[in-house]
Amino acid sequence: MLINILEKENLVEFFEAMQSYGEVVAPVRATDNAHRFQPVKGIDELDLDYTRTMIPPKKYFIQPKETLFTFNKEKEKYLEPPSIDKSMVLLGVHACDINAMNLLARVFMEELPDKYYLERRKNSVIVGVSCTPDEKCFCKSTGTDYAQEGFELFLHDIGDKYLVRVGSLKGHNIVKDHSELFAAPEKGDLDAFKEAEKTRLSSFTIEIEMSGLQDHLDMSYDDPLWAEYAEKCLGCGSCNLVCPRCRCYDVQDYINLDMNTGERVRMWYSCMLKDHGLVAGGHNFRPTSMERLRNRINCKGSLREEMPNCVGCGRCTVFCPADIDFVEILQKVRGDIK
Amino acid sequence: MTKPRLGIFSLTGCAGDQLQILNMEDELLNLVARFHIVDFQEGSSHKESGPIDIAFVEGSVSTETDLRHLKEIRERSSVLIAFGNCATDGCVQAMRNGETTLAQRLKDVYGVEPDYYDALESKPIREYVKVDFSIPGCPVEKDEVVKAITSLLHGDSPLGYSYPVCVECKLHEYPCVIVEDNKPCLGPVVRAGCEARCPGLGLDCIGCRGPVEDGSNFAAELQMLLDKGYTEEFIMNRLRIFSGELPEDFLGGAK
């Protein structure tokens, strides 16, 4: 069955079943504004009724900062870290983040296969969960509020039950192997799902018109709005580092004082930082913060696989220390507001 | 192969950066084995004259004696590294620069008119000599020192931190103390490299590694904190504790 019902009273058993597929990581409340994906040992530690994490769950596939390998020059050897093939269950991922990871999967698994990303995704189970948008969410505008793929199971809250969609063969096998936890949906369950979706879709309070946005951005290339926002922008890079769809990183090699052993380290990077556009010879493609800000918004507003490079999660707005509102910028670009 | 000749020097400061080298206990034997150390006051009374391949200079230029010493070091050295915030930014002894004259300060503090102390207004060493590389911090981070040294031994120029503390907060998933708590954090305009140690403990950054000189926007930081109700005096005092002599264009705004 592609549609199943999980009673909420079976959630403890469901959680225990998921533990057999690997370490469970799930949203746990961290601050007033944010949850954090972290390892959990029991269902009472996690909070499936959350709005957003500050750092998106992509951190489990391409880690914020990681040693790719250590090396030994004399022995002509290199060694990868042991964590690469660890099994993991990401429990409670929202549709926006799943859609963001679907893009990352295309980049890191198909276009330029990255063995770290590949291994980790292969060894993981993703369980999505439905959510209610808050006043910063605009995933409906970006078409990323519903996940069609990129998960094993997706739990839709329909009251005292979850309607569970199966999204992969692995997900199908999970349901098959734990059939005692699931039931076939009844008409009332499907009605409840439709009602829940209606409620969710009518809860959005902000939107961006995506139609022709790329052209609008092109036409706004010389608009004074970029300089206005650059004046307010701290250039701290937070917007990129909390973005589920950003995928820039930096790689550095470090050698130890023995001048023989060392490591190669990869870390997330941000196009809002000055040396992102710096190339050999000292030329910088985006030397001013105005150019960097314009570049970021253009990247986010441009299409990729028929979807914008933004999934509407609202993180860059919520976690900007300077209170720069991403949606407001795009509304100005379109001329919706002055 | 002959070992590179290393000199570690102090001008005016607390000598805490030299101490950080001595604190590198796991690396110390490897370090002394790699270099011929010609001067390292805090480690040994042994001193040699002659050329130096790499000079680490901590402390600010605060006396005529410092200045003569610095110029002599520069003449002897192929690579000169400003070591710690006194050397890179002037630090606490430079925090009142520009507010009153040195003569006035001598009078206010010591009640004397003439300059008994051969004192100069405290300045970072870049004000007097060419600096090849800077390792900021009050004190310096051991890890950054090791990385800089190994880069130099390897024949590369060391990599500094061109980005602010915010980056490290995000990489560690530390809650933002500005967004969450409205604290007067200097993280957005201060050099990373500390692994966001203070915000990781819920504390706002007080800027002990000095300003990100190129690419940060202090005018926006100032405005953001003014909007939160902090006074300009408070913000500037906080910034200048460690950033003493600010680069001229730092206060200027968006770049």
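Lettering of chains follows the sequences in order, A, B, ..., and the numbering in each one begins at 1.
For NZ of A/K77, the number of neighbouring non-hydrogen atoms (other residues, nucleotides, ligands) closer than 6.0 Å is 12 at most. Applying the 6.0 Å contact sphere to CZ of B/R197 captures no more than 12 heavy atoms from other residues, nucleotides or ligands. Atom CG of B/L19 sits in a crowded spot, with more than 12 heavy atoms from other residues, nucleotides or ligands closer than 6.0 Å. In the displayed structure, B/K47 atom NZ is contacted under 6.0 Å by more than 12 heavy atoms of other residues, nucleotides or ligands. Applying the 6.0 Å contact sphere to CZ of B/F234 captures more than 12 heavy atoms from other residues, nucleotides or ligands.
Listed by sequence position, A/L241, A/V242, A/Q252 are the residues of residues 240-253 of chain A in contact with chain B, using a 4.5 angstrom heavy-atom cutoff. Of all residues in residues 46-60 of chain A, those placing a non-hydrogen atom less than 4.5 angstrom from a non-hydrogen atom of chain B are A/M54, A/I55, A/K59.
Atom-to-atom distance recorded for B/M224:CE and A/C233:SG is 11.5 Å, nearest 0.5 angstrom. Taking CD from B/E27 and CG from A/L257, the interatomic distance works out to 5.0 Å, rounded to the nearest 0.5 Å. Atom NZ of B/K170 sits about 6.0 Å away from atom SG of A/C236, to the nearest 0.5 Å. Rounding to the nearest 0.5 Å places CG of B/D227 at 9.0 Å from CG of A/D323.
Ranked by heavy-atom pairs shorter than 4.5 Å toward chain A, the options B/L171, B/I178, B/N182, B/V189 are led by B/L171.
Contacts between A/D275 and chain B at a heavy-atom distance below 4.5 Å involve the side chain alone, from C-beta outward. Contacts of A/Y229 with chain B are absent, with no heavy-atom separation under 4.5 Å from either backbone or side chain. Proximity to chain A is limited to the side chain of B/I149, based on heavy atoms less than 4.5 angstrom apart. When heavy atoms are compared at a cutoff of 4.5 Å, B/Q223 does not approach chain A at all. Interface remark: A/M267 contributes side-chain atoms only to the contact with chain B (heavy atom separation under 4.5 Å). Contacts between B/V146 and chain A at a heavy-atom distance below 4.5 Å involve the side chain alone, from C-beta outward. Interface remark: A/S270 contributes no atoms to any contact with chain B (heavy atom separation under 4.5 Å).
B/E180 and A/D32 make their closest contact through OE1-N, 3.7 Å (heavy atoms, listed as atom of the first residue, atom of the second, distance). Shown here for B/A220 and A/L234, the closest heavy-atom pair between the two residues is C-CD2, 3.7 Å. A/M259 and B/H154 get closest at one heavy-atom pair: CE-N, 3.6 Å. In terms of heavy atoms, A/V318 sits closest to B/V179 at O-CG1, 3.5 Å.
The backbone N or O of A/G235 lies less than 3.5 Å from no partner atom in the side chain of B/N217, so there is not a single donor-acceptor pair. Using a distance-only test at 3.5 Å, with no hydrogens or angles considered, a donor-acceptor pair links the side chain of B/R34 to the main chain of A/D258. No donor-acceptor distance shorter than 3.5 angstrom exists from the side chain of B/D214 to the backbone of A/K274, with no hydrogens or angles considered.
The closest side-chain heavy-atom distance from B/P175 to A/R36 is below 4.5 Å. Side-chain contact check for B/T150 versus A/Y254: every heavy-atom pair is 4.5 Å or farther apart.
Of the candidates B/S162, B/S216, B/P164, A/L273 forms a side chain to side chain contact (heavy atoms under 4.5 Å, CB included) with just one, namely B/P164.
Between A/K65 and B/E195, at least one side-chain N (NZ, or NE/NH1/NH2) sits under 4.0 Å from a carboxylate O, which counts as a salt bridge.
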